Amino acid sequence: MALAERSLGYDTRFGRGFISGVFAVALAALGFGGVLCLRFPSFLTTPDARALYPLDLVRFLIHLHLVAGFGLAVLSIVLSRRALLGLSGVGLVVAATLLGGTRALGLDWFLLNILVLAMLFVPLERLFARLPSQPIFRPGWATDLAHFAVSHLFVQVTVLLTLVPAAIFFAWAVHPAVQHAVAAQPALLQFVEIVLVADLSEYAVHRLFHAVPFLWRFHAVHHSTETMDWLASSRIHLVDAVVTRALAFVPLYVLGFSTGPVYAYLVFVSFHAIFVHANVRFRFGILERIVGTPKFHHWHHATTPVDKNFAIHLPVIDRVFGTYWLPAQFPPAYGIAGSPVPRRYAAQLVWPFRRP
Ligand SMILES: [Zn+2]
Ligand SMILES: [Zn+2]
């Protein structure tokens with residue numbers, strides 16, 4: 001390291017995040033400039049030149065610059081752990097998106113979500129911290145942000161992989177009379193039923209991921225976090241996420257719930273699943289035995305005991321199946337004892353496929 005050239009505090013050798021960071025800022029700046037030209041054509045372009053450009057191609061090239069700039073910015077942060085160049089690139093892409101610049105991949109979806117969730121959970125975790133000394137940028141945050149970014153950028157692909165298997169493999173199980181009766185119920189009742197049905201199947205799939213060694217390697221990525229906060233909830237291997245959601249969706253598809261309550265559940269689960277990981281000290285009294293709380297799920301992530309609290313929403317399922325564990329205090333330590341899971345995003349993605 002002593003021999004390495006340094007610039008802006010970065011190690012400038014290939015693979016250390018400097019080169020990707022410089023390209024990220026350059027591409028994001030070009031994309032941002034392009035969006036400015038699209039938004040304010042009368043100030044920044046001449047009418048003669050405008051007539052010469054095919055606008056669709058220009059838009060596509062701007063998208064390409066912003067997406068590539070964004071990807072390289074994340075790569076730079078992951079490689080170097082320094083955030084200056086990467087965050088500058090991300091900032092330019094955010095600014096371009098807020099100006100209405102890009103709809104490529106799930107970029108808007110990612111940026112919207114990260115902004116809303118950060119604005120909600122960062123103050124919440126500051127005000128009601130269970131571990132007040134835990135910083136926002138704690139060890140592993142860049143890895144978790146990469147998980148968050150990839151799952152949102154490819155959201156169209158993962159949603160498709162979640163929904164399609166049910167329709168292909170379980171069309172035989174569909175009975176129109178049953179579906180009609182289910183969909184005819186009041187929306188609120190359907191919502192409660194969806195929570196119960198989805199959590200029952202999530203419980204089963206989740207236990208399977210813990211019990212089968214090959215599956216555990218995928219799920220171990222989620223358990224490798226040693227710090228619990230809202231962002232840690234996004235550390236889920238893509239295979240784990242897609243298989244769990246696809247299987248949890250099967251009974252909802254077969255029973256034929258209406259789209260309204262299903263969408264309401266999707267909003268609920270996306271917030272609840274993040275909330276139960278958050279670094280917050282809330283207590284819920286008697287409700288803790290009925291509804292999944294941060295303390296309940298934190299014990300699922302405890303170093304010891306293992307294999308407790310598989311349910312997300314309804315602890316009663318764990319009580320029925322004998323896996324319920326809820327002492328008065330939060331667990332003293334999180335993660336897998338002697339964890340074999342690598343720490344960086346790309347390594348976590350390929351690690352489960354390797355021979356143990
Ligand atoms: Zn688990
Ligand atoms: Zn978890």
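Here the structure is a predicted model, which is why all the values come from computation and not from measurement. Note that ligands are numbered from 1 as they come in the structure, with each ligand's atoms numbered from 1 the same way. We count residues from 1, following the sequence as given.
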Please test Phe110 against Phe148 for ring pair (Phe, Tyr, Trp, His ring centres under 6.0 Å), starting from the C-alpha separation and ending with a verdict.
-> CA-CA 8 Å; Phe110 162 70; Phe148 189 99; 5.8 Å; yes
Which is the closest N/O/S atom of [X] when seen from the Zn ion (ligand 1)?
| X | value |
| --- | --- |
| His210 | NE2 |
| His219 | NE2 |
| His300 | NE2 |

Output for pair (Ser339 OG, Glu226 CD), nearest 0.5 Å, gives 6.5 Å
Look at Asp318 together with Lys308 and state whether they make a salt bridge at an N to O cut-off of under 4.0 Å.
-> no
N, O or S atom of His301 closer to the Zn ion (ligand 2) than 2.8 Å = yes
Taking 2.8 Å as the cut-off, does an N/O/S atom of His277 lie below it from the Zn ion (ligand 2)?
-> yes
Geometric class of the His272/His313 ring pair [parallel <30°, tilted 30-60°, perpendicular >60°] = parallel
Is the NZ or CZ atom of Arg82 positioned over Tyr10's six-membered ring, under 6.0 angstrom from the centre and within 45° of the axis?
-> yes
How wide is the angle at the Zn ion (ligand 2) between NE2 of His222 and NE2 of His297, to the nearest 10°?
-> 160°
